[in-house]
Amino acid sequence: DNFTFTYGVRADYTQFYNTFLYNPVVDTLTQFYNGIHANTGAAPNTAVQISPRIGYNWDVFSDQTLQFRGGTGLFQGAPPFVWISNQASNSGMALFGQITDGTGFVFSPDVNAYRPTLTGGLSRSYNINVADPNYKFPQVWKTTLGADKKLFGFTITVEATHIRNINATVFQNIVLPSTGLITLVDGRTRYPSTSVYPNIRVGGVSLAGNTPGNPAIGNAIYMTNANVGYVNTLFVQVQRTFKNLFVSAAYNYQEAKDATVNGSTASTMWGSKPVFNNSNAFTQGYSNNYLPHRFIAQAIYKLEYLKHYSTSFGIFAEVAPNYTTSYIYANDLNNDGFQNDLMYIPRGEGEILLKDLVVSYDVSKTFTYTAAQQWADLDKYISQDKYLSSRRGQYAERYGAQAPWRGRWDVKFLQDYKIKVSENKTNTIQFSIDVLNIGNLVNSDWGLVQQPNNTSPIGVSVDPTTLVPTYSFNPNQTE
């Protein structure tokens, strides 16, 4: 009777109504990354995902003073549907803009009054989003082990969780070339062009060489799945309820890695992902929601009196790193069209080729910021930063740099007034006062959020002939 075992199987059926706009030109294009075929009018195929799972709870002494619990299994959930709708709004078929006559239009209740006449022709330039026809909703394998112990009136909880991505949602920009990739002298990959369907200029005129059948495609973001990424967490909590007082303190440890970043648009989720090599590779790194440590505590006191009144006072505290961030170059090193290349932290001057800079100041004055001066300043900049100095001779990690820890105290005051409106009904009027980060009212140095003033201190350019990257240090960067 003190041991409970549960098991089950869940089946999820997914079907999309095929209302996406079909672009007949895109359907004929054959140069996309790794030969991927793109069809803007095709929704992901119908799919059934099976998710078996088991769980248990063991009340050791049958009195809830010591319990062990856990479970393992597959869990599936729908992604934000804006990820799906990206394809509907980026097909190259429904292009939107604005019209103006320089003075504005007089209001008309007719929504079609100023609608321009449709041309009926295909555009020569656009971006597209497409989904893998075999795309499946995200699915994870989750395992949890936990224990609850009552001791001297306190409840102590310990819980560990491991989550492994099975069908993680990932993105590629399939307009990038998959052949002819260039290996730079530092071993990194550089794309020969930002698009296999580029803007063809003739006589300096943009798109002059493009036609509806040979369009310029800036980005073609492809949504698919990959079995990459995991989350490990450890949670410890101590809590107790007294007569009028509840107190709790907890610590949470987390390690989270994946191959994408969160966002609402496909181009953001692909282009804002910090990378150190091939942007289309599903390389896992720390998640942008990664928070390695977090301490939280609370105390809530409630006093009821005179039958109709109660007063509550709560204190909430949190201590944790403010957030995590990535150090990237100030330019596009790998030529994927985005500023997202993780920075290499040199051990010495011989590992980075700096170039002299002519810097302007005071409107008309200039000075030469020599390579030697830049290295001296860059070396000091690296040395004063705990994270950068620990990564000398290595690439910066994606979201591996932690902002300084910050502590925050919030207080809450509640006053309840109970009003009996009938024999069986009582209404309550409640007044509340919240003071957020109250510690900063006491001391201006408490509760501060500290963040780096620049995470792209180094600029880079690549010589198209020698393929040698040259670098420059931001002259305005001192700390």
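Using cut-offs of 30° and 60° on the angle between ring planes, the pair F295 and Y251 is tilted.
Side-chain atoms of N90 come within 3.5 Å of backbone atoms of N86 as a donor-acceptor pair (strictly under, hydrogens ignored). No donor-acceptor pair closer than 3.5 Å links the side chain of N167 to the backbone N or O of N225. Between the side chain of Q402 and the main chain of P321, no donor-acceptor pair closer than 3.5 Å is present. A donor-acceptor distance shorter than 3.5 angstrom exists from the side chain of R53 to the backbone of L74, with no hydrogens or angles considered. In this structure, the side chain of Q373 engages the main chain of T370 through a donor-acceptor pair within 3.5 Å. At distances below 3.5 Å, at least one donor-acceptor pair connects side-chain atoms of D59 with backbone N or O atoms of Q64. A donor-acceptor pair under 3.5 Å is formed between the side chain of E351 and the backbone N or O of R347. A distance-only check finds no donor-acceptor pair linking the side chain of N173 to the backbone of L176 [under 3.5 Å]. Proximity of a side-chain donor or acceptor of T324 to a complementary backbone N or O of G400 within less than 3.5 Å is not detected. Looking only at distances, no side-chain donor or acceptor of S85 sits under 3.5 Å from a matching main-chain atom of A88.
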**OP:** Take W270 and F338 through the test ring-ring contact (aromatic ring centres under 6.0 Å, His included) and record every step on the way to the result.
**Re:** CA-CA 9 Å; W270 183 84; F338 289 82; 5.2 Å; yes

Original post:
Given the rule in the side chain to side chain donor-acceptor pair (under 3.5 Å) test, do S248 and Q237 qualify, once you have shown the distances and angles that lead to the verdict?
Top reply: CA-CA 7 Å; S248 171; Q237 182 184 55; 3.3 Å; yes

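Salt bridge status for D258 with R398: present, with a side-chain N to carboxylate O gap under 4.0 Å. Ion pairing between D410 and K412 fails under the 4.0 Å rule for side-chain N and carboxylate O. The pair R69-D148 meets the salt-bridge criterion, since a charged nitrogen lies less than 4.0 angstrom from a carboxylate oxygen.
Results of the side chain to side chain contact (heavy atoms under 4.5 Å, CB included) test with I458 over Y344, Y329, Y381 single out Y329 as the only residue that passes.
A side-chain N or O of Y387 and one of E397 form a donor-acceptor pair less than 3.5 Å apart. Side chains of E159 and T144: no donor on one and acceptor on the other come within 3.5 Å. In this model, no donor atom of one side chain and acceptor atom of the other lie less than 3.5 Å apart for N437 and W446. The closest side-chain donor-acceptor pair between S461 and T470 falls under 3.5 angstrom. A donor-acceptor contact under 3.5 angstrom links the side chains of T169 and Y135, judged on distance only. A donor-acceptor pair shorter than 3.5 Å cannot be found between the side chains of D416 and T428. Residues Y309 and Q415 bring no donor and acceptor atom of their side chains to less than 3.5 Å of each other. At a cut-off of 3.5 Å, with distance as the only test, a side-chain donor of Q139 or S51 sits close to an acceptor on the other residue. In this structure, a donor-acceptor pair under 3.5 Å is present between the side chains of D63 and T65. For the residue pair Q67 and N57, a side-chain donor N or O sits within less than 3.5 Å of a side-chain acceptor on the partner. Side-chain contact check for T189 and N278: no donor-acceptor pair (N or O, by modelled atom type) lies under 3.5 Å. Between the side chains of T143 and T72, at least one donor N or O sits under 3.5 Å from an acceptor N or O.
Rounded to the nearest 0.5 Å, atoms CG (L378) and OH (Y471) are 11.5 Å apart. Rounding to the nearest 0.5 Å gives a distance of 10.5 Å between NE2 of H162 and OG1 of T233. Between atom CD1 of residue I429 and atom NZ of residue K418 there is a gap of 13.0 Å, rounded to the nearest 0.5 Å. Note that CD of Q49 and NZ of K136 are 7.0 Å apart. Values are rounded to the nearest 0.5 Å. Between atom CG of residue L388 and atom CD of residue Q394 there is a gap of 11.5 Å, rounded to the nearest 0.5 Å. Put simply, OG1 on T283 and CG on N280 are 10.5 Å apart, with the number rounded to the nearest 0.5 Å.
Centroid-to-centroid, the aromatic rings of H308 and Y417 stay 6.0 Å apart or farther. Not less than 6.0 angstrom separates the ring centroid of W375 from the ring centroid of F473. For F276 and Y395, the gap between ring centers is short of 6.0 Å.
Other residues, nucleotides and ligands place no more than 12 heavy atoms under 6.0 Å from the OH atom of Y7. Under a cut-off of 6.0 angstrom, the local environment of CH2 in W83 is crowded, with over 12 non-hydrogen atoms contributed by other residues, nucleotides or ligands. Other residues, nucleotides and ligands place no more than 12 heavy atoms under 6.0 Å from the NZ atom of K142. Surrounding CH2 of W58 are at most 12 heavy atoms belonging to other residues, nucleotides or ligands under 6.0 Å away. Around the NZ atom of K149, the shell of radius 6.0 Å holds more than 12 heavy atoms that belong to other residues, nucleotides or ligands.
The heavy-atom pair separating V170 from A259 by the smallest distance is CG1-CB, 4.1 Å. Closest of all the heavy-atom pairs between K273 and A281 is NZ-O, 3.8 Å. Nearest heavy atom pair, residue L342 against residue S326, reads CD2-CB, 4.0 Å. Between Y230 and N165, the closest heavy-atom pair is N-ND2, 4.3 Å.
Put simply, the side chain of I182 does not reach to within 4.5 Å of the side chain of Y191, judged on heavy atoms. Using a 4.5 Å heavy-atom threshold, the side chains of Y305 and S310 count as separate.
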